Novice: 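Supplied in structure tokens, the structure appears directly below.
This structure is a prediction, so every number in the text was calculated from the model and none was measured.
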Amino acid sequence: MPQFLIPPGKKPDDRVAVSPEESRHATKVLRLERGARVRLTDGAGGLFTGRVETITPKQTIVWIEARLPVPEPKAKVILAQGLLKGDKMEFVIQKAAELGAFAVLPFTSSRTVSDWKGDSKKLQRWGKIAEAASKQCGRAAHLEILEPLAFTKALDVAADAKIAFWEESPRPAKDFLRGQQARSLLVLVGPEGGLSKMETDEAVRGGFTLLSMGSLILRAETAAISALSVIQYELDNF
């Protein structure tokens, strides 16, 4: 069932117009017709079923039928990701949305190739990618993209538990995650060059537990996706 984004504050029996962009997609790509059933989300946790009442390439009106129950995740997972170059960051954001992360926090460190210079256009693009991926996979609450921080500032982000993946750690991730009761989890994954020994020492002093993803050296974007997959599985967060 296709899903569309609607403004917040809507309720069953309301009629709502989806955006012109969504309306074009509904007619030109999805080929929806009057009477089609759809899902609707306000991006902040509200999820509904609806029925198309009017549809044209310029305007689509949907009647909201009912509110759907949305199970709370056992833990909110924040991915602190070292800035990646090219489209790798966009790929990680897309997959983080699909894997149920609560938020992505980009950070700069000693080994990040891509510098952050307060590029608002890039932040907006990341937000649009997160919104599109969240909608595509049927999320009620969209993945949040946080303002990038320096490494030391990223370490201070509040969470019940904090972990960092480092290739030299002897501790398997599953040993830490199995039975974990934290309601929020900050997950640190380094950039292309990984985390330096000085940075991992600083992370440990900041309350992080260093974990391993196994004996293979993974690309940064692969490490992030693998880490989220393992975490969500072990926490029974799917």
Novice: Using a strict 4.0 Å threshold on nitrogen-to-oxygen distance, state whether D14 and K11 make a salt bridge.
Specialist: yes
Novice: Any link between I6 and L30 through a network of hydrophobic side chains (Ile, Leu, Val, Met, Phe, Trp, Tyr) touching at under 4.5 Å?
Specialist: yes
Novice: Tell me whether E53 is salt-bridged to R15, with the criterion being a basic N under 4.0 Å from an acidic carboxylate O.
Specialist: yes
Novice: Can you give me the closest heavy-atom contact between L143 and A96, atom names plus distance?
Specialist: CD2-CB, 4.2 Å
Novice: Would a 4.5 Å heavy-atom cut-off, applied to side chains only, mark Q3 and L40 as touching?
Specialist: no
Novice: Could you walk me through whether W166 and R171 pass the side chain to side chain contact (heavy atoms under 4.5 Å, CB included) test, one step at a time?
Specialist: CA-CA 10 Å; W166 188 45; R171 187 172 184 181; over 6 Å; no
Novice: Would you sort out whether I231 and I163 count as a side chain to side chain contact (heavy atoms under 4.5 Å, CB included), showing the intermediate values?
Specialist: CA-CA 11 Å; I231 289 165; I163 60 177; 3.9 Å; yes
Novice: Working to the nearest 0.5 angstrom, can you tell me the gap between S134 OG and E144 CD?
Specialist: 11.0 Å
Novice: Is any side-chain N of the basic residue among D201 and R205 closer than 4.0 Å to the acidic one's carboxylate O?
Specialist: no
Novice: Looking at A97 and A130, what are the two nearest heavy atoms and their distance?
Specialist: CB-O, 4.2 Å
Novice: Please indicate whether R111 has more than 12 foreign heavy atoms, meaning atoms of other residues, nucleotides or ligands, lying under 6.0 Å from its CZ.
Specialist: yes
Novice: Enter the distance from K121:NZ to W126:CH2 here, rounded to the nearest 0.5 Å.
Specialist: 15.0 Å
Novice: Quick check for you: to the nearest 0.5 Å, what is the distance between S229 atom OG and E234 atom CD?
Specialist: 11.5 Å
Novice: Roughly how far, to the nearest 0.5 Å, is CD1 of I61 from OG1 of T56?
Specialist: 8.5 Å
Novice: In chain order, what residues pass the side-chain hydrogen bond (donor to acceptor under 3.5 Å, both in side chains) check against T60, with sequence neighbours excluded?
Specialist: S23
Novice: Could you check if a side-chain atom of I225 sits within less than 4.5 angstrom of a side-chain atom of L99, using non-hydrogen atoms only?
Specialist: yes
Novice: Got V38 and R51 here, is their nearest side-chain heavy-atom distance under 4.5 Å?
Specialist: no
Novice: Are I145 and L185 connected in the hydrophobic side-chain network, where two residues link if heavy atoms are under 4.5 Å apart?
Specialist: yes
Novice: Grab the two heavy atoms, one from L105 and one from A154, that are nearest each other, plus how far apart they are.
Specialist: CD2-CB, 4.0 Å
Novice: Just so I know, are the side chains of T108 and P148 near enough to count as touching, which here means a heavy-atom distance under 4.5 Å?
Specialist: no
Novice: Would you mind writing out the side-chain donor-acceptor pairs for residues 66-86 within the sub-3.5 Å range, not counting sequence neighbours?
Specialist:
unit_1, atom_1, unit_2, atom_2, d
K74, NZ, D236, OD2, 3.1
Q81, NE2, G190, O, 3.2

Novice: Take atom CE of M1 as the centre, draw a 6.0 Å sphere, and report whether it contains more than 12 heavy atoms from other residues, nucleotides or ligands.
Specialist: yes
Novice: Counting heavy atoms not belonging to Q181, are there more than 12 under 6.0 Å from its CD?
Specialist: no
Novice: Under the criterion side chain to side chain contact (heavy atoms under 4.5 Å, CB included), I'd like the reasoning laid out for L146 against V104: C-alpha separation, chi angles, the key distance, then a yes or no.
Specialist: CA-CA 6 Å; L146 303 175; V104 170; over 6 Å; no
Novice: I need the minimum non-hydrogen distance between L155 and K162, along with the two atoms involved.
Specialist: O-NZ, 2.8 Å
Novice: Does E98 come within less than 4.0 Å of K95, counting only side-chain N to carboxylate O?
Specialist: yes
Novice: Nearest 0.5 Å please: distance from the CG atom of L211 over to the CG atom of L177.
Specialist: 6.5 Å
Novice: If we ignore hydrogens and angles and just use 3.5 Å, is the side chain of T41 paired with the main-chain N or O of G46 as donor and acceptor?
Specialist: yes
Novice: Any side-chain heavy atom of F165 sitting closer than 4.5 Å to one from S226?
Specialist: no
Novice: Determine yes or no for a side-chain-to-main-chain donor-acceptor pair under 3.5 angstrom, with Q232 supplying the side chain and G100 the backbone.
Specialist: yes
Novice: Among the clusters formed by ILVMFWY side chains lying less than 4.5 Å apart, do I129 and V189 turn up in the same one?
Specialist: yes
Novice: Nearest heavy-atom pair of P7 and D42: which atoms, and what distance?
Specialist: O-CB, 4.0 Å
Novice: For A26 and I55, work out which heavy atoms get closest and say how close.
Specialist: CB-CD1, 4.0 Å
Novice: Is it the case that the side chains of E199 and S110 hold a donor-acceptor pair, with the cut-off being a distance below 3.5 Å and no angle test?
Specialist: yes
Novice: List for me each residue that meets ring pair (Phe, Tyr, Trp, His ring centres under 6.0 Å) alongside F151, sequence neighbours excluded, and say none if there are none.
Specialist: F107
Novice: For R219, I'd like to know if atom CZ has over 12 heavy atoms of other residues, nucleotides or ligands within 6.0 Å.
Specialist: no
Novice: Please list, chain by chain and in numerical order, all residues satisfying side-chain hydrogen bond (donor to acceptor under 3.5 Å, both in side chains) with E22, sequence neighbours excluded.
Specialist: K135
Novice: For L47 and R39, what are the C-alpha separation, side-chain angles and deciding distance, and is it a side chain to side chain contact (heavy atoms under 4.5 Å, CB included)?
Specialist: CA-CA 7 Å; L47 191 62; R39 296 208 322 174; 3.8 Å; yes
Novice: Does F48 share a hydrophobic cluster with L5, counting links as ILVMFWY side-chain heavy atoms below 4.5 Å and allowing steps through other members?
Specialist: no
Novice: Answer yes or no: is there a side-chain heavy-atom contact under 4.5 Å between V157 and L149?
Specialist: yes
Novice: Any side-chain donor paired with an acceptor under 3.5 Å for D13 and W63?
Specialist: yes
Novice: Quick one: OG1 on T27 to NZ on K58, what's the gap to the nearest 0.5 Å?
Specialist: 11.5 Å
Novice: Are F176 and S212 packed together at the side-chain level, in the sense that at least one heavy-atom pair is separated by less than 4.5 angstrom?
Specialist: no
Novice: Under the rule for ring pair (Phe, Tyr, Trp, His ring centres under 6.0 Å), what residues qualify as partners of F4, not counting sequence neighbours?
Specialist: none
Novice: Can you sort out the partners of R34 under side-chain hydrogen bond (donor to acceptor under 3.5 Å, both in side chains), two or more places apart, ordered by chain and number?
Specialist: none
Novice: With a 4.5 Å heavy-atom cut-off, do Q180 and L235 have their side chains touching?
Specialist: yes
